[in-house]
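Every chain is numbered from 1 and lettered A, B, ... according to where its sequence line falls, protein lines coming before strand lines. All values below were derived from every heavy atom in this structure, side-chain atoms included, with hydrogens, water molecules and symmetry-related copies excluded. Here the structure is a predicted model, which means the values were calculated and not measured.
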Amino acid sequence: MLARLLPHPLLTLLLTVVWVLLANGPSAGSVVVGLVLGIVLPLLTRPFWPDRPVVRAPATVVEYALVVLWDICVANVQVAYLILFKRPEELRSRFLVVPLDTLVPEAIVTLAGTITMTPGTVSCDVSADGRALLVHALDAPDPEEAVATIKRRYERRLLEIFG
Amino acid sequence: MSGALLPWLGELLVTVLLLAGSFFIVVGSWGLLRLPTFMQRLHGPTKATTLGVGGILIASMLFFLFTEGRLSVHELLITLFLFLTAPVSAYMLAKAHLHRARLDEEVPPTGRPVGWATFDPAASDPDPDRSLRPDRAP
């Protein structure tokens, strides 16, 4: 019964909190509207997200977020250097193929989003069977090393989180 | 900054963060202007949304903390929405570019028996055998 009413309990919580924060603080009205949205929206979108992902290692989620934030800061400076001080012809831009070990769609989406948000790489496509990502790198002198870094830093942790 | 705690230091901190954020946004826009190919240009805007906007949002949070003594959380929501929407729009732009430039011969092969989802018509095949979910595979 409860699982039918709340197909994604964490999404319900997140939507309610986001609404309360948007309303600039908890009041009776904002909590009620937030709860209504938090219950109705997951029900309406359930056909697009039928299964519930299992978060196996909550501590790794925090670790993952910190690693990504750190990489964003470092990579921003690197890419700023590339744009400001390198001639475009010197950039070794290329497509990379990242073979995926994980089969969980939520993990693949998170990985693709992370790759795009860390500057210097943009995820462009996924293979039709969902087992490889097409990534464009702004400057990758060693494509194999770049792919290995993505797999080691991000996919390994996502495998721990989502299995 | 009247009645603020740490008036001088706070002002300095907010200024440094605003300048740093603006710097990264300018560099991102400069990259968009200067880089020759579409795929390279796509890297500029994804940078501006991370550290550039991030610096300005932290500056905004500190400003309200120092001047009004309250914690402003709208900035965190802006960060959340940006992190959710920026990869999707970048992905859509890249996909549209792959189609328009007909890059199916130029991108590297998937290393899988099927092609990239943008080009392989099998991707839109409703056949459940091709579902992403491993537990639905035969």
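- With a 4.5 angstrom heavy-atom cutoff, B:Phe83 touches chain A via backbone and side-chain atoms both.
- Summarising the geometry, atom CG belonging to A:Asp125 is positioned 6.5 Å from atom CH2 belonging to B:Trp116; distances are rounded to the nearest 0.5 Å.
- Here CG of A:Leu134 is found 10.0 Å from NZ of B:Lys95. Values are rounded to the nearest 0.5 Å.
- Of residues 60-73 of chain A, those residues with a non-hydrogen atom less than 4.5 Å from any non-hydrogen atom of chain B are, in numerical order, A:Ile72, A:Cys73.
- Interatomic distance, B:Leu42 CG to A:Leu138 CG, rounded to the nearest 0.5 Å: 10.5 Å.
- Interface remark: A:Thr114 contributes no atoms to any contact with chain B (heavy atom separation under 4.5 Å).
- Between chain B and the residues A:Ala112, A:Gly120, A:Ala75, A:Pro99, the largest count of heavy-atom pairs under 4.5 Å involves A:Gly120.
- In this structure, the ring pair (Phe, Tyr, Trp, His ring centres under 6.0 Å) partners of B:Phe38, at least two apart in sequence or on a different chain, are B:His97.
- The distance from the CG atom of A:Asp139 to the CD atom of B:Gln40 is 9.5 Å, given to the nearest 0.5 Å.
- Across every non-hydrogen atom of B:Thr50 and A:Met117, the tightest pair is CG2-O, 3.3 Å.
- In this structure, CZ in B:Phe81 is found 5.0 Å from CG in A:Leu22, a value given to the nearest 0.5 Å.
- Linking Ile, Leu, Val, Met, Phe, Trp and Tyr whenever their side-chain heavy atoms come within less than 4.5 Å leaves B:Val26 and B:Leu33 in two separate clusters.
- Heavy atoms closer than 4.5 Å to chain A are found nowhere in B:Leu76, neither backbone nor side chain.
- Hydrophobic clustering (side-chain heavy atoms under 4.5 Å, transitive across Ile, Leu, Val, Met, Phe, Trp, Tyr) keeps A:Leu37 apart from A:Val31.
- Contact annotation for residues 77-93 of chain A against chain B (heavy-atom separation below 4.5 Å, listed by residue number): A:Val77, A:Val79, A:Ala80, A:Leu82, A:Ile83, A:Leu84, A:Lys86, A:Arg87, A:Pro88, A:Leu91, A:Ser93.
- Considering every non-hydrogen atom in both B:Pro108 and A:Val97, the closest pair reads CG-CG2, 3.5 Å.
- Residues B:Ile58 and B:Val53 share a single hydrophobic cluster, defined by chaining ILVMFWY side chains whose heavy atoms lie under 4.5 Å apart.
- Connection of B:Leu32 to B:Met39 is not established within any shared hydrophobic cluster, with ILVMFWY side chains joined at heavy-atom distances below 4.5 Å, either directly or through further cluster members.
- Nearest heavy-atom pair, A:Thr116 versus B:Pro87, reported as atom, atom and distance to 0.1 Å: CG2-CA, 3.8 Å.
- Residue B:Leu98 comes nearest to A:Cys124 through the heavy atom pair CD1-O, 4.3 Å, listed as atom of the first residue, atom of the second, then distance.
- Residue pairs satisfying the ring-ring contact (aromatic ring centres under 6.0 Å, His included) criterion with at least one member in residues 100-156 of chain A, sequence neighbours excluded, are listed as follows: A:Phe95-A:His136, A:His136-B:His43.
- Clustering ILVMFWY residues whenever any of their side-chain heavy atoms sit less than 4.5 angstrom apart, transitively, puts A:Val18 in a cluster other than the one holding A:Val40.
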